[in-house]
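Here the structure comes first, spelled out in structure tokens, and everything after it is commentary.
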Amino acid sequence: MSARTARTARRTRLFAATTVALAALALTACEGDTSDTGASTPAASSSPAGAQSESPTGEKESGNGTEGNGSKETNGSAGSTGSGSSGSGSGSGSSDKSDKGSAAGVSDDSDKPGKCSASDVKITAKKVSRPLNHLLLTATNTGSKTCMLPQYPAARFGEAQSVPPVAEATKPQSLTGVEPGKSGYAGVLLSSGDGSGENGYETNTLTIPFEDGSIATVALPAGGVYVDTALTVTYWQTSMDDALGY
């Protein structure tokens with residue numbers, strides 16, 4: 001073999017070796033790209049989540065984590081506070097008002113004077129010269145507490161089957177209360193002064209009932225009194241003049 005032929009053969013082998021080497025290198029590069037791509041894909045998919053959780057600024061972490069939790073905590077706190085405030089607050093208010101109302105009610109009821117009874121009120125009857133044919137009734141509280149007299153004396157003279165009418169013009173603005181030792185007054189028109197009355201009769205007994213069912217027996221002036229159909233009583237008054245003004 002000539003030297004030229006030998007050089008040509010070496011060149012051919014070198015070219016072939018180089019070609020094989022380049023082919024292998026290209027295949028390796030392709031496999032490396034495929035491997036890199038496959039490896040980078042999961043990294044890319046996990047990278048955003050990692051970036052969000054490991055963000056240096058903490059903005060996304062605050063948005064997804066802190067703000068989300070903060071929102072829930074705020075809602076939870078608001079709900080708890082609102083419920084607690086309204087529940088305990090209103091409950092406490094209602095309880096306080098209820099307690100105060102009850103206490104006030106008891107206090108008011110205990111402070112209110114009770115109704116007078118024949119057992120703690122003494123009634124006397126006195127004939128007066130003016131106006132004519134009038135009787136003055138005086139109800140004195142002999143008890144230890146203030147009491148309220150009935151609206152008017154339902155006076156029953158003798159064996160009368162009914163009580164006399166009351167003069168509406170004498171009605172006071174409120175019931176008459178009498179303190180211990182104090183008195184209320186009522187006037188009684190016994191008969192007409194001009195003789196126009198009918199069915200007149202003499203009597204020496206008088207009874208006056210109270211609202212609790214008790215009855216006071218009133219002593220009339222000596223000789224008794226004469227009554228007819230003009231018989232009228234006034235409401236109980238706080239003054240003697242008002243009682244005799246009718």
Side-chain angles (χ1 to χ4, degrees), residues 105 108-246:
D108 289 344
D109 289 343
S110 63
D111 291 342
K112 280 184 178 180
K115 295 178 180 179
C116 292
S117 173
S119 62
D120 49 30
V121 171
K122 180 180 180 180
I123 301 178
T124 60
K126 178 183 179 182
K127 205 167 185 178
V128 295
S129 56
R130 295 286 180 181
L132 294 175
N133 302 329
H134 272 68
L135 194 68
L136 176 66
L137 299 179
T138 302
T140 302
N141 186 350
T142 59
S144 59
K145 296 181 179 179
T146 299
C147 67
M148 306 302 292
L149 291 169
Q151 288 189 326
Y152 58 89
R156 189 182 298 275
F157 287 89
E159 300 299 324
Q161 299 300 309
S162 61
V163 297
V166 61
E168 290 297 331
T170 65
K171 186 175 183 178
Q173 292 183 350
S174 60
L175 292 175
T176 298
V178 284
E179 299 176 358
K182 301 296 183 180
S183 302
Y185 307 91
V188 181
L189 172 60
L190 296 171
S191 60
S192 62
D194 57 5
S196 60
E198 299 176 352
N199 303 324
Y201 60 94
E202 295 278 349
T203 182
N204 54 16
T205 61
L206 171 62
T207 56
I208 298 177
F210 283 82
E211 294 179 347
D212 65 349
S214 60
I215 300 174
T217 299
V218 183
L220 290 173
V225 294
Y226 175 84
V227 298
D228 61 20
T229 53
L231 183 63
T232 307
V233 299
T234 69
Y235 285 89
W236 285 110
Q237 309 289 333
T238 56
S239 75
M240 190 182 303
D241 290 339
D242 290 340
L244 295 176
Y246 174 77

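Bear in mind that the values here come from a model prediction, so they are computed numbers and not experimental data.
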Exercise for review: Identify the two heavy atoms, one from S192 and one from G197, that lie closest to each other, and give their separation to 0.1 Å.
Suggested key: OG-N, 2.8 Å
Review point. Can you find a pair of side-chain heavy atoms, one from K126 and one from T138, that are under 4.5 Å apart?
Key: no
Practice item. Could you grab the distance from atom NZ of K112 to atom SG of C147, nearest 0.5 Å is fine? Key: 16.0 Å
Review point. Is there a donor-acceptor pair closer than 3.5 Å between any side-chain N or O of T207 and the backbone N or O of T217?
Key: no
Study note, to complete from the structure: Closest non-hydrogen atoms of L231 and P165, given as atom of the first, atom of the second and distance, are O-CD, 3.3 Å
Review point. Distance-only, no hydrogens or angles: does the H134 side chain make a donor-acceptor pair with backbone N or O of Y246 under 3.5 Å?
Key: yes
Review point. Do L135 and L220 come close enough that some side-chain heavy atom pair is under 4.5 Å?
Key: yes
Practice item. Please confirm whether the backbone N or O of S239 pairs with a side-chain atom of D242, one donor and one acceptor, at under 3.5 Å? Key: no
Check your understanding: Looking at CG of L132 and OG of S191, how far apart are the two atoms once the value is rounded to the nearest 0.5 Å?
Key -> 9.5 Å
**Study point:** Evaluation steps, side-chain contact (heavy atoms from CB on, under 4.5 Å), between K115 and D212
**Key:** CA-CA 8 Å; K115 295 178 180 179; D212 65 349; 6.0 Å; no
Exercise for review: Evaluate whether atom OH of Y152 has more than 12 neighbouring non-hydrogen atoms of other residues, nucleotides or ligands under 6.0 angstrom away.
Suggested key: no
Review point. With distance as the sole test, does E198 use its side chain to make a donor-acceptor pair with the main-chain N or O of S196 at under 3.5 Å?
Key: no
Review point. Is there a side-chain contact between L206 and V225, using heavy atoms and a 4.5 Å cut-off?
Key: no
**Study point:** Shortest non-hydrogen separation from A118 to A216 and the atoms involved
**Key:** CB-N, 3.9 Å
Exercise for review: Please check if the side chain of Q237 supplies one atom and the backbone of T170 the other of a donor-acceptor pair under 3.5 Å.
Suggested key: yes
Exercise for review: Test L137 against I208 for side-chain contact (heavy atoms from CB on, under 4.5 Å), laying out the working first.
Suggested key: CA-CA 11 Å; L137 299 179; I208 298 177; 3.9 Å; yes
Practice item. Could you check if a side-chain atom of V178 sits within less than 4.5 angstrom of a side-chain atom of W236, using non-hydrogen atoms only? Key: no
Check your understanding: Which atom names give the shortest non-hydrogen contact between M148 and G177, and what distance separates them?
Key -> SD-CA, 3.6 Å
Exercise for review: State whether the side chain of N141 and the backbone N or O of K145 hold a donor-acceptor pair below 3.5 Å, judged by distance alone.
Suggested key: yes
Check your understanding: So, for L175 and L149, which heavy atoms are closest and what is the spacing to 0.1 Å?
Key -> CD2-O, 4.1 Å
**Study point:** 4.5 Å side-chain heavy-atom contact, F157 and L190
**Key:** yes
Check your understanding: So does E159 have more than 12 non-hydrogen atoms from other groups sitting under 6.0 Å from CD?
Key -> no
Check your understanding: Is the shortest heavy-atom distance from the side chain of T176 to the side chain of Y235 under 4.5 Å?
Key -> no
Check your understanding: Got P131 and L189 here, is their nearest side-chain heavy-atom distance under 4.5 Å?
Key -> no
Practice item. Could you tell me whether the side chain of T234 and the main chain of G187 form a donor-acceptor pair under 3.5 Å? Key: yes
Exercise for review: Could you check if a side-chain atom of P180 sits within less than 4.5 angstrom of a side-chain atom of T146, using non-hydrogen atoms only?
Suggested key: yes
Check your understanding: What are the two closest non-hydrogen atoms of A155 and P164, and how far apart are they?
Key -> O-CD, 2.8 Å
